[in-house]
Amino acid sequence: MSDIVQAPPIAAGREDHQVKLVKMASFGAGEKSTVVISIATALAILLLWWVVSALGVVPHLFLPRPDEVLTQIGAVYRDGYAGASLSEHVFASLFRIVVAALIAISAGIPLGLLMGLNRWAKGVLDAPIEFYWPLPPLSYLPLMIIWLGIGETSKITLLVLAMFAPICLSAQAGVRSLPIERVNAARSLGASRLQLFLDIVLPSALPEILTGIRIALGIGWGTLVAAELIASTRGIGFMIMSASQFLATDVVFVGIGIIAICAFTFSAAIRFLEAFLVPWKGKL
């Protein structure tokens, strides 16, 4: 047998290839902060407001300058308006909004989840909600006065009706958007009905629910002026309506600014809660 001569291995030149990470192109607004853009936009709006009012493009009676509005804020804070201090007006409106929001959330979320899980509940509740939801609150304001009088009950009920529908419908949409594969996977692993609801359904619907609450709070603040038309003597909406009757435009701007600050604070709180409860939103 011939000897087998093993040839020496040929050293192949190896080049070290550095792994390059390819960053995917972002889609939509992306993950970068838009705070600087928002601040610049707000400053541009204020500058435009000052220029228009200073040049007299709009009569001074209808559009006071920003510095005059700031001066009026100090006057209202110091002297009050319409027989009540500024803090009393703000507290009255906050009380109505918070109570109405708590009632709307405590009723809207369970009913919305039930509508998403049960076709009988959806069939029964969908028609009345869809019937009154598109109606502006001013259209059923007279009914609130006739049925519930001119006290706090009618005001809070009007706000509850305005905020209930978006919360309920968003909770229903959150359940119906749940992928059936996720449900089947949980069932195949032996999840009970309660575990399925707590671990799959509720977390999946939570982003939609929080979005609905944000929308509902915006609608609630928009309805506040209408709610405080009902024989009110306190409230930001009452202050705005009372000032408009006397053409006190600077006081109207003060009330609008306070509502905007309160609404922004509520919205920021919901955003913070959303970042804490559903950190995966937009990342899956």
Side-chain angles (χ1 to χ4, degrees), residues 21 23-39 41 94 97-119 121-122 125-126 129-130 133 159-223 260-284:
L21 298 178
K23 185 177 181 181
M24 300 298 292
S26 61
F27 179 76
E31 298 180 357
K32 294 183 179 180
S33 175
T34 59
V35 175
V36 177
I37 300 175
S38 299
I39 293 175
T41 303
L94 287 176
I97 284 286
V98 170
V99 172
L102 291 176
I103 296 173
I105 290 171
S106 60
I109 293 177
L111 289 178
L113 294 174
L114 184 61
M115 290 173 65
L117 294 170
N118 188 281
R119 71 185 187 93
K122 176 176 172 55
L125 298 174
D126 192 56
I129 293 176
E130 292 290 348
W133 160 235
L159 293 172
V160 169
L161 289 174
M163 290 190 281
F164 169 79
I167 295 175
C168 182
L169 295 178
S170 64
Q172 176 193 350
V175 175
R176 296 178 68 86
S177 64
L178 174 63
I180 191 63
E181 294 83 3
R182 196 176 301 173
V183 176
N184 292 333
R187 285 174 175 171
S188 65
L189 293 174
S192 63
R193 286 182 175 271
L194 182 60
Q195 291 174 328
L196 188 65
F197 176 76
L198 294 178
D199 298 334
I200 303 297
V201 176
L202 189 57
S204 298
L206 197 54
E208 293 280 354
I209 292 173
L210 292 175
T211 300
I213 292 175
R214 283 180 54 203
I215 295 172
L217 287 172
I219 295 173
W221 283 106
T223 311
I261 292 172
C262 292
F264 178 81
T265 303
F266 276 58
S267 180
I270 297 298
R271 286 179 182 271
F272 177 79
L273 189 64
E274 187 177 69
F276 176 74
L277 294 177
V278 287
W280 64 85
K281 183 180 179 182
K283 300 178 182 180
L284 297 179

K.L.:
Once you round to the nearest 0.5 Å, how far does CD of Gln172 lie from CD1 of Ile167?
P.N.:
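Reported value, rounded in 0.5 Å steps: 14.0 Å.
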K.L.:
From Ile215 CD1 over to Ile270 CD1, what is the distance, rounded to the nearest 0.5 angstrom?
P.N.:
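One finds 11.5 Å between CD1 of Ile215 and CD1 of Ile270.
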K.L.:
Using the ring pair (Phe, Tyr, Trp, His ring centres under 6.0 Å) rule, collect all pairs that involve residues 182-222, keeping only residues at least two apart or in two chains.
P.N.:
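Output for this query lists Trp221-Phe266.
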K.L.:
Leu198 and side-chain contact (heavy atoms from CB on, under 4.5 Å): which partner among Leu196, Val201, Ile200, Leu194?
P.N.:
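For Leu198, the side-chain contact (heavy atoms from CB on, under 4.5 Å) test succeeds with only one of Leu196, Val201, Ile200, Leu194, which is Leu194.
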K.L.:
CG of Leu210 to CD1 of Ile213: how many Å apart, nearest 0.5 Å?
P.N.:
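Here the interatomic distance stands at 5.5 Å.
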K.L.:
Please give me the minimum heavy-atom distance between Trp133 and Ala165, naming the atom from each residue.
P.N.:
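Reported closest heavy-atom pair: CE3-CB, 3.3 Å.
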K.L.:
Quick one: closest heavy-atom pair of Leu206 and Leu277, and the distance?
P.N.:
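Minimum heavy-atom separation between Leu206 and Leu277: CD2-CB, 3.9 Å.
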K.L.:
For a quick test of reading the model, state the closest non-hydrogen atom pair linking Ser267 to Arg214 and the distance between them.
P.N.:
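Heavy-atom minimum between the residues: OG-NE, 3.6 Å.
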K.L.:
Tell me, do Ile105 and Met163 make a side-chain contact under 4.5 Å, heavy atoms counted?
P.N.:
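No, too far: nothing below the 4.5 Å cut-off.
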K.L.:
Should Ile129 and Cys168 count as side-chain neighbours, where that means a heavy-atom distance under 4.5 Å?
P.N.:
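Side chain of Ile129 against side chain of Cys168, heavy atoms only: contact under 4.5 Å found.
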K.L.:
Checking side-chain contact (heavy atoms from CB on, under 4.5 Å) between Leu159 and each of Val98, Ile219, Ile103, Thr223, which is the one that passes?
P.N.:
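Result for side-chain contact (heavy atoms from CB on, under 4.5 Å) with Leu159: Thr223.
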K.L.:
Look up atom CD1 in Ile39 and atom OG1 in Thr41, then write down how far apart they are to the nearest 0.5 Å.
P.N.:
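The distance works out to 10.0 Å.
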K.L.:
Identify the heavy atoms of Ser204 and Arg182 that sit nearest to each other, and give their distance.
P.N.:
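Closest approach of Ser204 to Arg182, heavy atoms only: OG-NH1, 3.0 Å.
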K.L.:
Can you check whether Arg176 reaches Met115 side chain to side chain, under 4.5 Å on heavy atoms?
P.N.:
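Heavy-atom side-chain distance check fails, nothing below 4.5 Å.
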K.L.:
Taking all non-hydrogen atoms of both residues into account, name the closest pair between Gly212 and Ser170 and its distance.
P.N.:
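Here Gly212 and Ser170 meet closest at CA-OG, 3.4 Å.
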K.L.:
Might you point out which heavy atoms bring Ala205 and Gly174 nearest each other, and give the distance in Å?
P.N.:
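So the minimum-distance heavy-atom pair works out to CB-C, 3.7 Å.
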K.L.:
Quick one: do Leu169 and Glu130 satisfy side-chain contact (heavy atoms from CB on, under 4.5 Å)? Show the steps, please.
P.N.:
CA-CA 9 Å; Leu169 295 178; Glu130 292 290 348; 4.0 Å; yes
